[in-house]
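The first residue of the sequence shown is numbered 1, and numbering continues consecutively from there.
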Amino acid sequence: MSGTISRNLSLELVRVTEAAALMAGRWMGRGEKEAADGAAVDAMRQVLNTIEMEGIVVIGEGEKDEAPMLYTGERVGCADQPKVDIAVDPVEGTRLLAQGMPNSIVVLAVAERGTLYMWQDIAYMEKIAVGPDAAGAIDIEAPVETNLVRVAAAKGVDVSDLTVVILDRPRHEEIIRRVREAGARMKLIMDGDVAGGLMAAMPGTGIDLLMGVGGSPEAVITACALRCVGGDMQTRLWPRNDDERQALVDQGLDQSRVYSIDDLVTSEDVFFVATGITDGELLKGVHYFPDGATTHSLVMRERSGTVRYIESTHRLSKLRDLTNVPFD
């Protein structure tokens with residue numbers, strides 16, 4: 001399927017995440033998660049529908065959390081080519097945004113039609129992810145300690161030099177204990193495992209790898225980003241209860257199967273875009289001034305291997321006229 005996306009969509013897609021961040025940023029610290037998510041969704045949908053493509057949302061935020069959403073199966077865009085799959089998280093870290101905490105971001109991934117892995121009913125996956133300097137060194141079936149030794153060797157450092165990012169959840173007590181006993185450092189995050197995966201893959205964040213259980217849709221979005229930078233990721237489905245274990249049986253899925261990054265995203269032309277809402281290690285958040293704001297975005301394309309950081313200054317009155325999005 002390589003080559004079906006004939007033009008570089010990067011700068012068109014970043015307009016989508018910028019618009020969502022500009023709208024969601026108004027809700028920082030106001031304690032209203034769904035209002036912030038809804039504002040981001042509305043802005044995303046409006047701008048997506050101005051892009052010359054035929055997109056189908058295959059991963060939409062909200063099904064798991066019952067939040068406002070760009071629903072799975074929704075068609076966006078204003079042309080019949082290129083035909084693409086779209087994965088979105090209009091606010092990754094809604095609780096972080098609602099409480100005014102770091103690392104809330106807007107994320108969007110686009111790939112050729114039929115190339116993003118999707119399944120129903122299994123909301124979570126076990127994950128391990130690293131950047132390009134440790135690609136090929138991880139094994140999700142190996143003990144925590146073994147992975148730490150392998151990643152440290154690949155990076156040319158000691159285990160005590162590594163920093164592991166893990167979601168702060170009771171289900172991770174054993175992983176946390178073993179990382180500490182191995183002597184590695186750790187960063188516990190409240191939410192946002194797409195941001196955690198990005199931090200593990202990008203230079204300058206101080207993070208070396210991601211471990212633990214997080215959302216299945218977020219795993220696919222993270223895989224898109226990691227493909228763009230040459231990172232590595234392995235996952236396994238993680239059913240939470242008897243209903244999800246039965247769903248595995250009904251769908252003929254093997255809980256022990258290891259999904260590689262290429263299983264999650266089979267396209268050879270992937271775009272990944274993220275814009276910060278609140279300030280964080282990876283991206284600065286939205287900063288407002290009279291009739292304007294600044295945004296900070298990360299834009300990547302696998303085919304070219306290009307990674308761009310874009311700092312933009314927006315005149316909100318002009319954007320309102322161009323997009324019909326109510327940037328107030």
How far does [atom1] of [X] sit from [atom2] of [Y], to the nearest 0.5 angstrom?
| X | Y | atom1 | atom2 | answer |
| --- | --- | --- | --- | --- |
| Ile105 | His296 | CD1 | NE2 | 12.0 Å |
| Thr17 | Asp89 | OG1 | CG | 12.5 Å |
| Glu92 | Glu218 | CD | CD | 6.0 Å |
| Asp193 | Lys127 | CG | NZ | 3.5 Å |
| Glu74 | Asn49 | CD | CG | 7.5 Å |
| Ile140 | Met233 | CD1 | CE | 8.5 Å |

* Hey, is CD on Glu52 packed in by over 12 heavy atoms from elsewhere, all under 6.0 Å? ->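 Not buried by this count: 12 neighbours or fewer within 6.0 Å.
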
* Lys187 atom NZ, over 12 foreign heavy atoms within 6.0 Å ->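 Counting neighbours around NZ of Lys187, 12 or fewer heavy atoms of other residues, nucleotides or ligands fall under 6.0 Å, so no.
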
* To do: Give the C-alpha distance, both sets of side-chain angles, the deciding distance and a yes or no for side-chain contact (heavy atoms from CB on, under 4.5 Å) between Leu283 and Thr275.
  => CA-CA 7 Å; Leu283 293 167; Thr275 299; 5.7 Å; no

Could you see if [X] belongs to whatever hydrophobic cluster contains [Y]? Use Ile, Leu, Val, Met, Phe, Trp, Tyr and a side-chain cutoff under 4.5 Å.
| X | Y | value |
| --- | --- | --- |
| Val194 | Met125 | yes |
| Leu167 | Ile176 | no |
| Val149 | Ile128 | yes |
| Ile207 | Ile138 | no |
| Leu198 | Met101 | no |

Looking at every non-hydrogen atom in both residues, tell me the closest pair between [X] and [Y] and how far apart they are.
| X | Y | answer |
| --- | --- | --- |
| Ala293 | Leu22 | CB-CD2, 3.5 Å |
| Gly60 | Thr72 | N-OG1, 3.9 Å |
| Pro90 | Asp37 | CB-OD1, 3.9 Å |
| Ser104 | Gly93 | OG-O, 3.3 Å |
| Ile86 | Gly55 | CD1-CA, 3.8 Å |
| Gly197 | Thr222 | CA-CG2, 4.0 Å |

Please tell me if the side chains of [X] and [Y] come closer than 4.5 Å, counting only heavy atoms from C-beta onward.
| X | Y | answer |
| --- | --- | --- |
| Lys284 | Glu311 | yes |
| Arg113 | Pro82 | no |
| Ile59 | Val88 | no |
| Glu141 | Arg236 | yes |
| Asp291 | Arg315 | yes |
| Val164 | Val144 | no |
| Phe271 | Ile5 | yes |
| Val91 | Glu34 | no |

* Asked: How are the rings of Tyr117 and Tyr259 set to each other: parallel, tilted or perpendicular (split at 30° and 60°)?
  -> tilted

Has the side chain of [X] got a donor or acceptor atom that lies under 3.5 Å from a matching backbone atom of [Y]?
| X | Y | value |
| --- | --- | --- |
| Asp85 | Gly114 | yes |
| Asp208 | Thr163 | yes |
| Asp139 | Asn147 | no |
| Asn241 | Glu244 | yes |
| Asn103 | Glu281 | yes |

Does the pair [X]/[Y] count as a salt bridge with the N-to-O cut at 4.0 Å?
| X | Y | answer |
| --- | --- | --- |
| Arg257 | Asp263 | yes |
| Arg177 | Glu174 | yes |
| Asp321 | Lys318 | no |

* To do: Given side-chain contact (heavy atoms from CB on, under 4.5 Å), test Cys224 with Leu116 step by step and report yes or no.
  => CA-CA 9 Å; Cys224 290; Leu116 296 187; 3.7 Å; yes

* To do: Start with the C-alpha gap between Val213 and His172, add the side-chain angles, then the distance that decides, and say whether side-chain contact (heavy atoms from CB on, under 4.5 Å) holds.
  => CA-CA 8 Å; Val213 174; His172 291 148; 3.7 Å; yes

* Looking at Thr313, Asp279, Thr295, Thr294, which one forms a side chain to side chain donor-acceptor pair (under 3.5 Å) with His287? ->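 Testing each of Thr313, Asp279, Thr295, Thr294 against His287, the sole residue satisfying side chain to side chain donor-acceptor pair (under 3.5 Å) is Asp279.
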
* To do: Would you verify whether the NZ or CZ of Arg227 falls within 45 degrees of the ring axis of Phe272 while also being under 6.0 Å from that six-membered ring's centre?
  => no

* To do: Would you check, one step at a time, whether the test salt bridge (Lys or Arg N to Asp or Glu O under 4.0 Å) holds for Arg169 with Asp191?
  => CA-CA 9 Å; Arg169 299 288 189 274; Asp191 292 297; 2.8 Å; yes

* To do: Apply the test side chain to side chain donor-acceptor pair (under 3.5 Å) to residues Ser10 and Asn8: give CA-CA distance (whole Å), side-chain angles for both, the deciding distance (0.1 Å), then the verdict.
  => CA-CA 6 Å; Ser10 299; Asn8 191 338; 2.6 Å; yes

* Asked: For Asp262 and Ser260, does a side-chain donor sit closer than 3.5 Å to a side-chain acceptor?
  -> no

* To do: Decide whether Asp269 and Ser267 meet the rule of one side-chain donor and one side-chain acceptor closer than 3.5 Å.
  => no

* Going through the distances and angles, do Tyr288 and Met28 end up as a side-chain contact (heavy atoms from CB on, under 4.5 Å)? -> CA-CA 12 Å; Tyr288 297 95; Met28 175 179 159; over 6 Å; no

